[in-house]
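Notes follow the structure.
Because the structure is a prediction, the values reported are computed rather than measured. Below, all heavy atoms of this structure are taken into account, side chains as well, without hydrogens, waters or symmetry copies.
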Amino acid sequence: NNEIDNLEKLCIKYTSHVKKLVDLTQQINEHFSNLKLKLPALTFDDILLKTLELLQNNSHNVREKIRSKIKYLMVDEFQDTNQIQYEIIKNIVEDSQSNSYTAKTILFIVGDDKQSIYGFRSADVRVFNELKKNIEKHNKEHFKELEDNGIISLKESFRMLPSITGFINYILQNSMKSDISKFDVDYKEFVNGRVSLNNKELEHVGSIRILLSFITMDQGQDNSIAENTDIVESEDNESDNEQVEQAEIQNIADYINYIVQNENNQFDLIKGDAKVAPNYSDIAIIMRKRTQFPSLGNELLKRSIPYEISAGSGFFQTMEIIELTSALKFFADNNDIDLIGLLKSNMFNLKDIDILNISLMSNKENFWNKFVKYYEKDKNNFLIKRAYDIIIEFKELADRLPLDTFLSLLVERTSLLVAITDSHRAKQIKANINRFIDYVREFTAKGFRNISDLTQQINTLMASSSEPEAGVFSDENSVKILT
């Protein structure tokens, strides 16, 4: 009774505060809605809601018009779908009169309920399971010849060695159960498809070892026990967590030396038909977060362990990406700043004195017209003529080629990869350029065709993204660290 009385008092005490918060939220939402109307603009959620509203109202038979253009609808990563997205799909594939699946649009979904991790943006694994049941029911009624009612289970994993597959199955079969909550799912075991376990392959299935860290809370000291193995006992507070992390990092560094310096062939690797002792280059560390890199690096250095970190942060802020973006922006809108950036880039390598001389050609014209006049004045200048010829060529191609093809051809035509050969970052720069082209290809595949759309997206990413650079390692005998 006392607890109930105390709860009632708390509710009365904070009711006015909650009401004020609700009122403030409503005011902010109203202001934001008015602002979107004024701009005009839509958020991503607005687009989803208005699309669903359009389909549900079915004005001018819009559902049938859309359906007539889609013979096959495939949705990947369906476990990350939310209820609104599910309703949009249903309105496309279901008949508006009978609310049953129509043969006009065939739905195919791909997903793994174990990988549903986007709950923070309203992804709901229940949506995946509901649609799966509906598909099974529909196929059972209308397509009885389909094996397993059209459900194709891909249980085999070709990524992992048998030891890792067995370890994951053993750990997760007891920790993933649908009876924990309605948002949980039952664990389905992996089947290893990588090896057929004949006698020879049984020797190379790998192994799993667990390193534990132990901290004595009353003294705050690490207590090593038995060959780099510690046990963690810690309360859940920031100070203790830092001690645990540091103990884990020290443990990892010690264990790496233990592997490399071991003399009893315990860790020998199979390379070809021979067994060889492991080197530092055979070891990789996957970290939970990049903020742990400095601590790990210090511990490795203390033990004279060579290491490399996979790429730095700030992929979109690297000079090579900035230069390629300047090139794209110039071909989109003829901007002076972007042209100067393009001419000074590794693609053309004009010097500051060249840029100054071009700028002095006249006062009232844009930089491109000044550059053309400068070229016409001195056509024997090899670098100027080369830059002019290539830029003229790509001005004509800008609206005719897919963006990734345009960019790849520009890199090739300007010999950019040759120009960066002498840089100490040559491998990293090349990896970043190739990754950027892949990014542009993916961007184009989403339906965007315009250079301006692309450069606007990249400008946003340059300002806010901490996307790491493309991963690249040397051939040196060093431990590889990555996230």
Side-chain angles (χ1 to χ4, degrees), residues 314-377 381 383-420 423 425 429-430 432-444 448-465 467 469:
F315 170 72
F316 288 99
Q317 292 84 20
T318 57
M319 186 52 65
E320 53 270 20
I321 303 306
I322 291 172
E323 288 180 353
L324 289 172
T325 303
S326 289
L328 291 170
K329 288 166 70 176
F330 167 70
F331 288 114
D333 57 23
N334 223 37
N335 183 278
D336 286 358
I337 300 297
D338 295 317
L339 175 57
I340 293 171
L342 174 60
L343 293 172
K344 291 185 65 177
S345 73
N346 282 309
M347 285 178 271
F348 297 116
N349 276 311
L350 295 195
K351 307 302 179 187
D352 287 339
I353 188 64
D354 296 318
I355 300 300
L356 176 61
N357 289 334
I358 294 170
S359 67
L360 295 174
M361 288 302 295
S362 61
N363 292 327
K364 297 182 179 180
E365 296 184 283
N366 64 25
F367 201 82
W368 169 247
N369 290 332
K370 291 180 182 182
F371 176 68
V372 172
K373 286 187 175 181
Y374 190 77
Y375 157 73
E376 291 172 345
K377 178 183 175 183
N381 186 319
L383 288 179
I384 296 295
K385 184 178 187 308
R386 174 179 177 272
Y388 175 82
D389 289 344
I390 292 175
I391 291 174
I392 286 292
E393 175 187 348
F394 278 83
K395 270 179 164 287
E396 295 178 359
L397 295 173
D399 296 325
R400 294 165 52 188
L401 293 176
L403 293 180
D404 58 304
T405 305
F406 177 83
L407 194 58
S408 297
L409 193 59
L410 181 64
V411 169
E412 179 184 340
R413 185 77 172 81
T414 57
S415 301
L416 177 55
L417 298 183
V418 176
I420 55 95
S423 170
R425 293 184 64 249
I429 293 173
K430 182 178 179 180
N432 284 346
I433 290 171
N434 289 332
R435 182 177 172 186
F436 186 62
I437 293 172
D438 287 341
Y439 173 82
V440 173
R441 184 177 296 113
E442 291 172 7
F443 184 86
T444 305
F448 298 95
R449 298 288 184 272
N450 190 295
I451 293 181
S452 295
D453 290 338
L454 174 62
T455 55
Q456 184 177 354
Q457 171 75 1
I458 295 170
N459 284 340
T460 302
L461 293 169
M462 283 180 173
S464 60
S465 174
E467 181 80 10
E469 296 180 66

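- We find the CD1-OG distance between Ile340 and Ser345 to be 12.5 Å, quoted to the nearest 0.5 Å.
- The shortest distance between side-chain heavy atoms of Asn334 and Lys395 falls below 4.5 Å.
- For Lys377, the salt bridge (charged side-chain N to carboxylate O under 4.0 Å, His left out) test picks out no residue, with sequence neighbours left out.
- Under the rule for a side chain to side chain contact (heavy atoms under 4.5 Å, CB included), the partners of Asn434 that lie at least two apart in sequence or sit in another chain are Lys430.
- Between Thr455 and Ser452, the shortest heavy-atom distance links the atoms OG1-O, 3.1 Å.
- Within the structure, ring-ring contact (aromatic ring centres under 6.0 Å, His included) contacts touching residues 341-367 (residues at least two apart or in different chains) do not occur.
- For Thr460, the side chain to side chain contact (heavy atoms under 4.5 Å, CB included) criterion is met by Ser464, not counting sequence neighbours.
- Note that the CD1 atom of Ile451 and the CZ atom of Phe330 stand 11.0 Å from one another [nearest 0.5 Å].
- In this view, Glu412 satisfies the salt bridge (charged side-chain N to carboxylate O under 4.0 Å, His left out) rule with no residue, not counting sequence neighbours.
- By the salt bridge (charged side-chain N to carboxylate O under 4.0 Å, His left out) test, Glu393 pairs with Arg413, sequence neighbours left out.
- Under the side-chain contact (heavy atoms from CB on, under 4.5 Å) rule, Met347 has a single partner from Val411, Leu324, Ile391, which is Leu324.
- Annotation: ring-ring contact (aromatic ring centres under 6.0 Å, His included) contacts involving residues 389-410, sequence neighbours excluded, comprise Phe331-Phe406, Phe394-Phe406.
- For Arg441, the salt bridge (charged side-chain N to carboxylate O under 4.0 Å, His left out) partners two or more places apart in sequence, or in a different chain, are Asp404, Asp438.
- A donor-acceptor contact shorter than 3.5 Å links the side chain of Ser359 to the backbone of Leu356.
- Here the CD1-CG distance, from Ile358 to Leu339, works out to 7.5 Å after rounding to the nearest 0.5 Å.
- Between the CG atom of Leu403 and the CD1 atom of Ile437 there is a distance of 12.0 Å, given to the nearest 0.5 Å.
- Across all non-hydrogen atoms, the minimal contact from Leu342 to Ala327 is CD1-CB, 3.6 Å.
- In this structure, CD1 in Ile429 is found 5.0 Å from CD1 in Ile420, a value given to the nearest 0.5 Å.
- Residues passing the ring pair (Phe, Tyr, Trp, His ring centres under 6.0 Å) test with Phe316 are Tyr439, sequence neighbours excluded.
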side-chain contact (heavy atoms from CB on, under 4.5 Å) between Asn349 and Leu383, intermediate numbers included: CA-CA 8 Å; Asn349 276 311; Leu383 288 179; 5.6 Å; no

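- Residues Leu343 and Ile355 meet the side-chain proximity criterion, which asks for heavy atoms closer than 4.5 Å.
- The shortest side-chain heavy-atom distance between Lys329 and Asn459 falls under the 4.5 Å cut-off.
- Of all non-hydrogen atoms in Ile433 and Glu320, the two that sit nearest each other are CG1-CB, 4.3 Å.
- Side-chain contact annotation: Asn366 with Asn369, donor-acceptor N/O pair under 3.5 Å present.
- One finds no salt bridge joining Asp354 and Lys344 here, because no Lys/Arg side-chain nitrogen approaches an Asp/Glu carboxylate oxygen to under 4.0 Å.
- Side-chain contact between Tyr374 and Tyr388: absent, with no pair of heavy atoms (C-beta onward) separated by less than 4.5 Å.
- You'll find the side chain of Thr325 reaches within 4.5 Å of the side chain of Met462, heavy atoms only.
- Distance check: Leu461 CG to Gln317 CD gives 8.5 Å after rounding to the nearest 0.5 Å.
- Minimum heavy-atom separation, Phe315 to Ile321: O-CG1, 3.3 Å.
- Every residue two or more places apart in sequence or in another chain that forms a side chain to side chain contact (heavy atoms under 4.5 Å, CB included) with Asn335 is listed here: Asp333, Ile337, Asp338.
- Not a single ring pair (Phe, Tyr, Trp, His ring centres under 6.0 Å) links Phe436 to another residue, sequence neighbours left out.
- For Thr414 against Leu410, the heavy-atom pair with the smallest separation is OG1-O, 2.7 Å.
- Every pair passing salt bridge (charged side-chain N to carboxylate O under 4.0 Å, His left out) that includes a residue from residues 359-376 is listed here, sequence neighbours excluded: Glu365-Lys373.
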